[in-house]
Structures are given as structure tokens and as C-alpha cells.
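Report on the structure given below.
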4 protein chains.
Amino acid sequence: MRKEEKRIEILKAALKVISGMGFEGAKMEDIAREAGVGKGTIYEYFESKNALLLEMIQYCTKCFQEGLEKTLAEEEDMLGKIRNLSMYGAEFLNAHAVLMNSQIVHQALPKDMETQMKRDWNLIYQTIEDEVRKGIHIQEIRSDIDPEMAVAIIVGGVNQYTFKKLMEDNFTPREIDHTGIAKTILAGLIP
Amino acid sequence: MRKEEKRIEILKAALKVISGMGFEGAKMEDIAREAGVGKGTIYEYFESKNALLLEMIQYCTKCFQEGLEKTLAEEEDMLGKIRNLSMYGAEFLNAHAVLMNSQIVHQALPKDMETQMKRDWNLIYQTIEDEVRKGIHIQEIRSDIDPEMAVAIIVGGVNQYTFKKLMEDNFTPREIDHTGIAKTILAGLIP
Amino acid sequence: MRKEEKRIEILKAALKVISGMGFEGAKMEDIAREAGVGKGTIYEYFESKNALLLEMIQYCTKCFQEGLEKTLAEEEDMLGKIRNLSMYGAEFLNAHAVLMNSQIVHQALPKDMETQMKRDWNLIYQTIEDEVRKGIHIQEIRSDIDPEMAVAIIVGGVNQYTFKKLMEDNFTPREIDHTGIAKTILAGLIP
Amino acid sequence: MRKEEKRIEILKAALKVISGMGFEGAKMEDIAREAGVGKGTIYEYFESKNALLLEMIQYCTKCFQEGLEKTLAEEEDMLGKIRNLSMYGAEFLNAHAVLMNSQIVHQALPKDMETQMKRDWNLIYQTIEDEVRKGIHIQEIRSDIDPEMAVAIIVGGVNQYTFKKLMEDNFTPREIDHTGIAKTILAGLIP
DNA sequence: AATGAATGAGAATTCATTCAT
DNA sequence: GATGAATGAATTCTCATTCAT
């Protein structure tokens with residue numbers, strides 16, 4: 001129990017430090033300091049730096065996934081769900097920039113992390129794909145739509161817009177037009 | 001002249017090695033070997049590893065930008081342009097995975113790089129935004145669309161789909177349904 | 001405490017190695033070996049090689065200064081003081097040749113070191129100047145003498161002679177005629 | 001002839017660069033730039049960096065020696081000679097700080113340089129010792145004086161004073177009281 | 001269990017020297 | 001002869017990991 005709590009403490013510290021300095025920029029010492037423990041202590045809880053990062057990614061995607069399911073459940077229709085996805089994603093991205101755009105990270109990390117991250121992200125995609133399929137079923141979404149494509153457009157579109165607004169235009173998550181992006185994704189671009 | 005060529009040679013080698021091993025995984029020695037020069041030679045052309053990476057990113061975004069403009073010019077209508085964007089992006093991503101989604105890199109690199117990268121990527125966004133505005137003008141795209149959102153959905157959607165197909169499903173760039181994703185982006189998801 | 005001791009240990013090792021191989025000839029690895037620690041350990045105590053050298057010089061001048069005050073206090077009259085200065089300087093020079101004539105070092109070291117060294121050496125000069133002033137006061141030394149000149153002649157003359165004897169003629173510190181040089185400095189060269 | 005001139009050009013450049021950056025701080029490239037030749041060209045004239053430095057020291061001490069003899073010959077009595085030594089030394093030191101205080105350099109340089117420098121400096125000491133002996137002969141200097149000590153006091157005293165004034169107090173060579181230091185050395189410190 | 005001092009393998013960088021032009 | 005681009009051995013410095021306290 002006590003042990004499990006400190007584990008989480010270290011994972012959170014790792015997330016924070018990595019969000020600020022990137023994967024390789026994060027030194028074990030920084031993480032230890034942030035977690036308020038000694039450098040050696042981390043090794044009581046995690047095999048190695050890589051193991052820590054790996055668990056951190058899992059922890060983080062699990063958190064995201066759980067919050068995502070809750071936020072999606074709060075809304076009935078597709079528009080509301082995408083808007084909530086955008087809002088939730090923006091806050092998460094704002095807090096932990098590094099992880100949201102996980103694609104690139106693959107390359108820089110050992111193979112085992114890559115695999116893990118693929119698995120974790122597939123879960124998130126799957127969650128959204130389920131919503132898309134439900135939408136198709138109740139005819140909120142066209143039946144000729146490839147659900148995989150729909151997920152890509154929703155996730156990619158929302159992410160890209162959010163990222164741009166947060167990082168380039170220095171918006172706060174609240175200032176982003178989540179409804180607008182959701183509507184545009186749904187309605188498409190043509191007349 | 002000779003000097004400029006070798007510079008490019010080293011940049012290409014850096015791109016290749018970094019694409020395979022990530023930013024930190026790439027050792028100067030590897031890059032030198034790949035470029036067919038001695039370790040010290042790189043320092044004749046670039047101040048430091050960071051400087052090399054910075055220039056490499058710039059070089060790469062410049063290349064992407066140029067190819068992008070050409071590929072967009074080959075098509076008349078929006079559908080064709082997005083399809084070409086998807087195809088072109090897939091091939092580029094396939095060749096140099098690291099750089100396509102350079103957002104993440106921000107975190108790991110010094111501040112001056114961040115600024116440069118923002119500038120470079122804005123150019124790419126701008127190029128696509130120009131196309132969107134043209135599309136609005138000739139009423140191919142709805143006039144109530146926020147061009148910035150349209151760009152995000154196009155770029156984000158295409159990237160996300162491409163990335164998924166290439167990395168997760170191990171498609172080759174040719175096997176991806178570029179027309180399908182383009183149509184779906186344009187037509188939207190609702191009936 | 002333990003930490004401070006090891007610091008001194010490393011400083012002593014640095015002094016020893018540098019005395020033997022010169023500033024640039026001394027490699028961090030040599031210093032580490034001499035100190036009986038690992039290469040990385042030095043960096044736990046000192047920022048960089050230059051920082052280590054700087055502190056080493058300071059430590060060394062401080063040691064010299066302290067010993068100097070003690071040895072000067074042992075004698076009453078000017079002749080005894082100069083003789084003791086000569087003896088003490090010879091032993092110090094014999095042990096750590098590099099540092100005695102630190103003037104030259106100025107050139108090779110960063111600006112901040114230069115400042116520090118000037119300050120440290122001024123202290124040593126000041127100590128001797130104080131003795132000269134006392135000597136003037138009790139009319140052991142002529143009142144028309146510029147104390148600054150007197151210091152230069154005492155320090156320069158003693159050093160030069162000592163250096164010659166030790167380095168050129170391979171005398172041991174004991175074999176040098178310290179009384180002779182002291183007498184000659186005091187009495188001057190003319191009839 | 002042409003060859004010999006360029007040789008001298010490089011030697012002068014080496015002296016200048018070394019005066020500014022110290023022995024190890026001086027890079028071959030800097031010396032080449034200062035001399036207005038290519039890096040490779042230096043190797044047409046000198047075997048190696050060490051060989052260049054060695055010759056530079058010799059060249060420099062030869063120059064000093066020649067100038068010294070001339071300046072000493074300009075004066076009849078000991079006072080004038082020491083005053084001239086002080087003036088000449090100050091100007092030389094002002095121009096080429098590194099070399100005047102050659103004592104310390106020994107340690108940092110390879111053995112062959114040390115030997116050469118000892119030989120060169122002995123020549124300079126010898127020149128002054130000759131003057132001292134002459135002075136003793138014509139009873140300008142006391143006959144019980146050890147000439148070696150006299151030389152040390154003259155050279156050391158003058159150097160130390162000059163160095164202090166130039167480096168610490170930022171005097172120009174002209175502003176130094178050369179007559180004062182010469183008189184004090186000769187007359188001694190006691191009443 | 002917790003710590004942080006110690007470590008050394010490994011990386012970036014420097015620079016005297018070479019050699020093709 | 002002159003050059004400066006190329007080189008790699010040698011050096012400084014980093015940081016994940018270990019381990020005695």
C-alpha cells in the first residue's frame with residue numbers, strides 16, 4: 001500500500017520531468033528530486049530507467065483511457081463526444097505535452113516500449129472506434145464510412161488543432177473552439 | 001560547391017541514421033560512418049551535434065515543403081490534392097519516420113530549435129491553408145469553414161491514418177487507401 | 001566533513017599530478033588515479049577541469065600563505081625573516097614547482113581565474129610588505145625605501161636564486177645559502 | 001631568403017598568439033592565420049608544433065639577448081645598466097608576456113624544450129653576470145658579493161617589480177620607476 | 001527500506017598532423 | 001610550394017546504475 005503509493009509518486013514525477021525535458025533529457029536524478037526521494041530509491045521500485053519510462057507510459061495511457069471513457073460517457077451524441085474528446089485531450093496535452101503525440105516517440109525508444117505503446121494506443125483508438133460504430137448503428141454516422149478512417153480523422157483532426165492552438169498560438173485549453181472543430185469534422189468540408 | 005555537396009551528404013546521413021535510431025540513439029560516429037567520412041569531419045561542417053540536428057530538421061522540412069508544393073500542383077480539385085498529400089506524406093513518412101511528426105521533438109531540443117521548427121512547420125501549414133482558401137473561393141469548400149480547422153483536419157486526419165496503416169498494420173505506402181481518406185475528410189461523417 | 005576531506009584529497013592529487021606534468025599535461029584520469037577515485041568522482045566535487053585547477057591554485061596559495069606567516073613569525077629581525085622566506089619558498093618550490101611562479105599561468109587560464117589569482121597573490125605580497133613596513137618603523141630598513149620595491153626585490157631575488165639553484169644546479173633546498181642571499185639583498189651590492 | 005623570411009614570419013606569429021593564449025591555448029590554426037599562411041604551410045617550415053615552439057623560444061631569447069647586450073652597452077655604470085635592463089625588460093614583457101617568466105614553463109613542456117630554455121636563459125644570466133664581475137673589478141660592486149646572487153637579485157628584483165606594475169597596476173612600461181628600483185637594488189635596504 | 005557517493009562505459013568534441021589537389 | 005579538407009587518437013565530461021552505510 002505504502003509501497004504502491006510511492007510507486008505512483010515516482011511515476012508522476014517521471015511524467016512531469018519528461019513532459020518538461022523530453023525522454024532523453026530527463027535524468028534519473030531530476031526524476032528523483034521531483035519525486036522527493038533519493039536517486040537509489042527509484043531502483044527499489046523500478047528495474048531501470050527504461051522500465052520506469054515504460055511503466056510511466058502505460059500508467060499515463062491508462063489514466064488517459066479511463067478519463068476518456070468517462071468523458072465520452074457524459075455525452076449522448078457524436079458531436080458532444082468529439083467536443084469532449086477535444087476538451088479532455090487539450091487539458092491532458094496541456095499538462096503532459098510529451099505523451100499525447102506518441103507517434104514519434106516510437107522511433108526513439110527501445111523495441112519493447114514501442115510494442116507496449118502500440119498496444120496502449122490501440123486501446124484508445126478502439127474506445128473511439130466503438131463510439132463510431134455505435135454512431136453508425138444509430139445512423140448518426142453514415143454507414144459507408146470506414147470506422148478506422150473516422151477514428152483517424154477524429155483523433156488526428158482534434159489533436160492537430162489542439163496542438164496548434166496550445167503550442168503555437170499559446171491558447172489555454174478553455175479558449176479553444178472545441179465545438180467548432182467537432183462540427184467541422186462531422187459535417188465535412190464540402191457544400 | 002564541393003563543400004556544399006558534402007554538407008548535404010552529411011545531412012542525408014544524419015537523417016537516415018536518426019530515422020532508424022532516434023535523436024539520441026544516433027551517435028556522431030554512426031552518422032559519420034553512414035556519410036562515409038571521419039568523425040572529425042562532421043565538425044568541419046557543423047558546430048555540434050545539436051547544430052547538425054537542427055539543420056537536418058530544417059533541410060528535411062524544406063525538402064518536404066518543396067515536394068509538397070509540387071505534388072499539390074499536380075491536381076486540380078481538393079480531392080486530388082488531399083489524396084496526393086496523403087500519398088506523398090506516406091512515402092515521406094515511410095522513408096523518414098522521425099521527422100514527420102516533429103511536434104514531439106520540441107520538448108527534447110533547445111529553445112532555438114523550437115523556434116526554427118515552428119517557423120518551418122508554419123510554412124507547411126500555410127501551404128495547405130492556401131489551398132483551402134482557394135477551395136473556399138471557388139466554392140469547392142464551404143464558406144463557413146474556418147481554414148485553420150480545415151488544415152488541422154486534413155493534415156491530422158491524413159497523418160493519423162497513414163501512420164496507423166504504415167506502423168501498425170505494416171502497409172506499404174501504395175497499399176493505403178488515399179482516395180478513401182480524402183473523400184471521408186471532405187464529405188464528413190454525418191449523413 | 002567526509003565530503004570536504006575527499007575534496008582536499010582530490011586537490012592534493014591535482015597538485016601532485018600538475019606539478020609533475022604541467023597544467024595541460026595533467027589528464028583528469030591521472031588525477032583521479034592519483035587521488036584513488038574514479039574519473040567520474042572528480043566531477044562530483046568540481047564542475048570541470050578548469051574549476052578544479054582554479055580551486056587547486058587557490059588552495060595552494062592559501063597553504064603557502066599560511067605557512068609563510070608562520071615561518072615569518074618565527075624570526076625577529078629582517079635578516080632572519082628573509083632567510084626563512086628563502087628556506088620556506090625553496091621547500092615549497094621543490095615540492096610543487098608549477099605553482100610558485102604562477103604569473104605565467106595567467107595567460108593560459110580563463111579570465112575569472114586571473115582575477116582570483118591576482119587577489120591571492122596580492123595577499124602574499126601584502127604579508128611581506130607588512131613586514132617591510134614594520135622594518136622601516138623600527139629603523140631596520142631605511143625610511144626612504146619604497147616598500148613595494150623592497151617586496152619585489154626580496155621576493156624576486158629570493159625566488160630567482162632559489163629557482164636557479166634548485167632547477168639548474170640541482171641543489172636540494174637545504175644546500176642553498178639562504179643566509180647569503182638574505183644578507184646580500186639587505187646590504188645591497190655597492191660598497 | 002624568401003624561405004627564411006617566411007620562417008621568421010611564422011615564428012613571430014607563434015610568439016604573438018602564444019603571448020595571448022598561452023602555450024597550450026595556441027592552436028596551429030591560430031598561428032597560421034596570424035602568420036597569413038595556410039595551416040599546412042607551417043609544416044613545410046617546422047617539423048611539428050613542439051619544434052615550432054622550441055624554435056620560437058630560441059628566437060625570442062636570442063632577440064632578447066641581442067637587445068639586452070645593446071642596451072647594457074649604452075650605459076657606463078651599474079646603475080644605468082640596471083635601469084636600462086629594467087626599461088628594456090618592461091617593454092619586452094609588455095609585448096610578449098609569456099616568455100619573460102620562463103621558469104614555470106619548464107614544467108609544462110617536453111624535456112627537450114626545457115633543456116634548450118635552460119641553455120638560452122643561462123646565456124642571459126651570463127651576460128648580466130659578466131657585467132657584475134666587471135662591476136666588482138672596478139670596485140663599483142663589493143668584492144665579497146657572490147656574482148650569482150647579485151644576478152639573481154638584479155634579474156629577479158627587476159622582473160618582479162616590472163611584472164607587478166605592468167600586470168597588476170596596469171602601468172605602461174614608461175610609467176615604471178626604473179631608476180628607483182635600480183638604486184634600491186644597488187643600495188640595499190638597510191641604513 | 002532509503003540513500004547518495006562512487007563508478008566507468010560511452011558519448012561528444014578537439015586539434016595536431018597528413019596528403020590530395 | 002602552398003593549401004585546407006579530412007582524419008582519428010586522445011580527452012573531457014555525462015549519467016545510468018551499483019552498493020556500502
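Just so it is clear: chains get the letters A, B, ... in the order the sequence lines come, proteins before strands, and each one is counted from 1. Note: hydrogens, waters and symmetry copies are ignored here, and every other heavy atom, side chains too, is used.
Residue C:K39 places a side-chain atom within donor-acceptor reach of the base of E:dG10, judged by atom type and a 3.5 Å distance cut-off alone.
Spacing between atom CZ of C:F46 and atom P of F:dT14 amounts to 15 Å, rounded to whole angstrom units. In this entry the distance linking CG of B:L52 with P of E:dA11 reads 16 Å, nearest Å. Note: NZ (A:K27) to C1' (E:dG4) measures 19 Å, nearest angstrom. One interatomic measurement links the two molecules: CG of B:D30 to P of F:dG8, which rounds to 15 Å at whole-angstrom precision. Across the protein-nucleic acid pair, D:R7 atom CZ and F:dA2 atom P stand 13 Å apart, rounded to whole Å. For B:M28 and F:dC13, the CE to P distance is 18 Å, given to the nearest whole Å. In this structure, A:E29 atom CD and E:dA2 atom P are separated by 18 Å, rounded to whole Å. Following rounding to the nearest Å, B:R33 (CZ) and F:dG8 (C1') show an atom-to-atom distance of 13 Å.
Base pairing of F:dC15: its partner is E:dG8, meeting the Watson-Crick or G-U wobble criterion (both donor-acceptor distances under 3.5 Å). Under the Watson-Crick or G-U wobble criterion, with both distances below 3.5 Å, E:dA1 is left unpaired in every strand shown. When Watson-Crick and G-U wobble pairs are counted only if both distances are under 3.5 Å, E:dA20 pairs with F:dT3.
Looking at C:E66, C:Q65, C:Q58 one by one, the single match for side chain to side chain contact (heavy atoms under 4.5 Å, CB included) with C:K62 turns out to be C:E66.
The local environment of CD in D:E9 is crowded, with over 12 non-hydrogen atoms from other residues, nucleotides or ligands closer than 6.0 Å.
Taking 4.0 Å as the cut-off between side-chain N and carboxylate O, B:R7 and B:E55 count as a salt-bridged pair.
Contact check, D:Y45 against F:dG1: no side-chain N or O comes under 4.0 Å of OP1 or OP2. The phosphate of E:dA12 (OP1 or OP2) has a side-chain N or O of B:K49 nearer than 4.0 angstrom. Under 4.0 angstrom from either OP1 or OP2 of F:dA5 there lies no side-chain N or O belonging to B:Y43. Between A:K6 and E:dA2, a side-chain N or O to OP1/OP2 separation shorter than 4.0 Å is present.
With distances taken from any side-chain atom of A:K3 to the nucleotides E:dT3, E:dA6, E:dA1, the minimum falls on E:dA1. The nucleotide whose nearest atom lies closest to any side-chain atom of D:S48 is, among E:dA2, E:dT17, E:dA5, E:dT17.
Summary of the strand contacts: B:V37 and C:E44 both lie near DNA chain F, and taking for each the nucleotide with the nearest heavy atom, the more 5' one is attributed to B:V37. Checking A:I42 against B:G40, the closest nucleotide of DNA chain E that is more toward the 5' end is the one next to A:I42.
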- [ ] Check the pair D:L11 / D:F46 against side chain to side chain contact (heavy atoms under 4.5 Å, CB included), numbers first and verdict last.
- [x] CA-CA 10 Å; D:L11 284 170; D:F46 302 93; 3.9 Å; yes
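Of all heavy-atom pairs between D:A26 and D:I18, the closest is CB-CG1, 3.6 Å.
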